[in-house]
Amino acid sequence: SGVAEKVQCRDVVPGSDGTVSLECHDGIVTASHTCTMRCAGGNATAIAPNRPGNNSLPVQLPSSGLDSGDWMQHQCTEDLGGALGSEAIVCLHGKPHLFGQCVTATQCSARDVFSTEAKVIMIALGGVALLCLCMGLALFATAVFWLQRQSRHVLPAKQLSPVMPIPPDAPPPAPCVRTLVTVDAQTSQRGYVETPVQTLPQVYAELVRGCQLPMDMIFCVESSHSTGERGFRTSVEFMLHIVQALELPPTQLGIIQFNHGLCVPSELTTSRKEVEQSLSGMLFEVGENKLGPALHQARTMFAASESQLMIYNEQPRKKTIIVLVDSEPSDFAAADMEAGVLKQQGIQLVFVVMGTLVPDKAVFRLASAPAEDHVVRLPSYNYDLVATSASVLERVVDVSMWVRRAKCIINLPAYQEVPDIACVPGYELM
């Protein structure tokens, strides 16, 4: 009793590192361990990548191997000649896995390169063609204007014809009678008086910005190998800019972090403090970009919020999902199906795309229509976040307008005294 003995993990589980500690207390043996499954290094190992279209690749691991959960960066050009990008080798449960995305670089042949003289000649020819086009348009416009002036003439009164034919036995039109409406006619309860249609408004209003309308918003932020630690922190800072510009309440915010798995740092809440604490506590986790489960989780969170609104008999709220990605989802079919269901339910899908790895065709299919108004592209994570957050807010936030001042243009001295003003139809002036 009271004696501890340590045993090597490799004696218990072959291929693992660490120690198992055995301790005896009052005749009872307890065990604790720090065993981890390592990926053996040294020789080239064939690894099947977690992406479609590529076969197993021989990858050289470090001589010391990798601990479980550790990862190393691997350039695509080492396996695929002429490819751009990088991949990550992650050790999971003693087996290496390959994550990342490679883009094949297109090389230009020598015949595709124009000399300086050829470029100057092409620019000159283009300028001449543009000048000729402008002159042709000017001559065409002048000719049309001259023809219109030549054909413009006034028909005599006898040659004018009505839009609708007049029957031969139709009576002559009645003369126009102007009706004067007095204050007595307006306030009398003896009946209605037919008056001409009034075209000018009697009340003018000056509007100011009111408050933001209620909305449920969920952020879906990518945490994959292509994002990187720095890019992930930039995405968190971008979300913080948007949170600080929103009014909580009435807005509810939620956060979903996704790769080949997902976690929910914040459920839908109206507490600004809770959302900011969740953002500051988010940690970067390397993985593969799978967007479908994240969109499904967002739809589940919206459904739970909708049920709460029905319990408290509140009006339906606008629902928006802002997706931050820098690579095309590896489960595009599943993501497309979930996006279609969300859009059928009237949920707004806005994509903020970093870099050029996501093609326009893919992101335009996933975003709400019109796609040009729901896709914001940034060259990289180093772009101005404040300007970008303002652009995104203009696309998703609805603001009410309040009447600041109003002016009525009626003749106040022309009034009629009545016993009870409540008996007269209309609006009271305070």
Side-chain angles (χ1 to χ4, degrees), residues 49-54 85 87-88 97-103 216-228 231-232 235-236 238-239 242 253-268 282 284-305 318-378 381 392 395-396:
N50 290 348
R51 47 182 165 77
N54 291 332
E87 297 178 314
H97 295 264
L98 197 63
F99 296 95
Q101 187 167 3
C102 298
V103 179
D216 290 348
M217 179 186 295
I218 295 178
F219 293 105
C220 292
V221 55
E222 179 185 353
S223 173
S224 66
H225 168 69
S226 59
T227 304
F232 182 78
S235 299
V236 173
F238 171 81
M239 291 186 289
I242 292 185
L253 286 178
I255 306 172
I256 298 175
Q257 178 180 346
F258 69 95
N259 41 39
H260 57 278
L262 62 86
C263 65
V264 182
S266 175
E267 296 283 351
L268 282 170
M282 293 177 64
F284 171 66
E285 296 179 1
V286 67
E288 184 181 5
N289 179 3
K290 290 190 175 182
L291 180 59
L295 296 180
H296 180 79
Q297 177 65 25
R299 180 157 58 94
T300 303
M301 294 167 63
F302 281 144
S305 174
K318 180 181 178 180
K319 298 176 178 59
T320 301
I321 299 176
I322 299 180
V323 184
L324 284 77
V325 294
D326 65 352
S327 61
E328 183 177 359
S330 59
D331 61 335
F332 184 83
D336 185 24
M337 182 183 67
E338 288 293 338
V341 175
L342 291 169
K343 288 183 283 189
Q344 287 180 358
Q345 296 179 357
I347 298 175
Q348 186 182 23
L349 272 171
V350 178
F351 280 77
V352 180
V353 184
M354 313 288 185
T356 59
L357 291 180
V358 184
D360 288 339
K361 183 178 180 180
V363 70
F364 280 10
R365 180 175 178 84
L366 296 175
S368 297
E372 295 79 8
D373 297 338
H374 294 83
V375 175
V376 179
R377 275 196 173 276
L378 302 180
Y381 284 100
V392 173
R395 302 165 192 260
V396 300

- [ ] Output yes when a side-chain donor or acceptor of S223 lies under 3.5 Å from a complementary backbone atom of E285, and no otherwise.
- [x] yes

Task: Q257 vs L262 side-chain heavy atoms within contact, under 4.5 Å - done: no

Open item on the list: If I compare all heavy atoms of L349 with all of L366, which pair ends up nearest, and what's the gap?
Closed with: CD1-O, 3.4 Å

Task: Heavy-atom donor-acceptor pair, T320 side chain to M217 backbone, under 3.5 Å - done: no

Task: Ionic contact status for D216 with K318, cut-off 4.0 Å - done: no

Task: Side chain proximity check, R377 to V363, heavy atoms < 4.5 angstrom - done: yes

Open item on the list: So does Q345 get a backbone contact from the side chain of K319, meaning a donor-acceptor N/O pair under 3.5 Å?
Closed with: no

Task: Approximate separation, where rounding is to 0.5 Å, of H374 NE2 and S368 OG - done: 5.0 Å

TODO: Output, in order, the C-alpha distance, side-chain angles, deciding distance and verdict of side-chain contact (heavy atoms from CB on, under 4.5 Å) for V286 and N259.
DONE: CA-CA 7 Å; V286 67; N259 41 39; over 6 Å; no

Task: Value rounded to 0.5 Å, distance of CD1 in I242 from CD1 in I322 - done: 4.5 Å

Task: Trace of the side-chain contact (heavy atoms from CB on, under 4.5 Å) decision for E222 with L324 - done: CA-CA 6 Å; E222 179 185 353; L324 284 77; over 6 Å; no

Task: Distance in Å, D326 CG paired with S224 OG, rounded so as to fall on 0.5 Å steps - done: 5.0 Å

TODO: Just do the side-chain contact (heavy atoms from CB on, under 4.5 Å) check on I347 and F302 with the steps written out, would you?
DONE: CA-CA 9 Å; I347 298 175; F302 281 144; 3.6 Å; yes

Open item on the list: Which residues pass the ring pair (Phe, Tyr, Trp, His ring centres under 6.0 Å) test with F332, not counting sequence neighbours?
Closed with: none

- [ ] Working to the nearest 0.5 Å, report the span between CZ of F258 and SG of C220.
- [x] 6.5 Å

Task: Nearest heavy-atom neighbours spanning M301 and G254 - done: CE-CA, 4.4 Å

TODO: I would like to know whether F219 and V323 meet side-chain contact (heavy atoms from CB on, under 4.5 Å); could you show each step before the answer?
DONE: CA-CA 6 Å; F219 293 105; V323 184; over 6 Å; no

Show me the side-chain donor-acceptor pairs of residues 292-299 shorter than 3.5 Å, one per line, residues at least two apart or across chains.
from	atom 1	to	atom 2	distance (Å)
H296	ND1	R299	NH2	3.1
H296	ND1	E338	OE2	3.4
R299	NE	E338	OE1	3.4
R299	NH2	E338	OE1	3.1

Task: Interatomic spacing from CG in N289 to CG in L357 - rounded to 0.5 Å - done: 10.5 Å

Open item on the list: Could you measure the distance from the CD1 atom of I218 to the CD1 atom of I321? Nearest 0.5 Å is fine.
Closed with: 6.0 Å

TODO: State, yes or no, whether a side-chain contact exists between V376 and R395 at a heavy-atom distance under 4.5 Å.
DONE: yes

TODO: Using a 4.5 Å cut-off on heavy atoms from C-beta on, say whether the side chain of E267 contacts that of I255.
DONE: no

Open item on the list: When you compare the side chains of E288 and S330, does any donor N or O come within less than 3.5 Å of an acceptor on the partner?
Closed with: yes

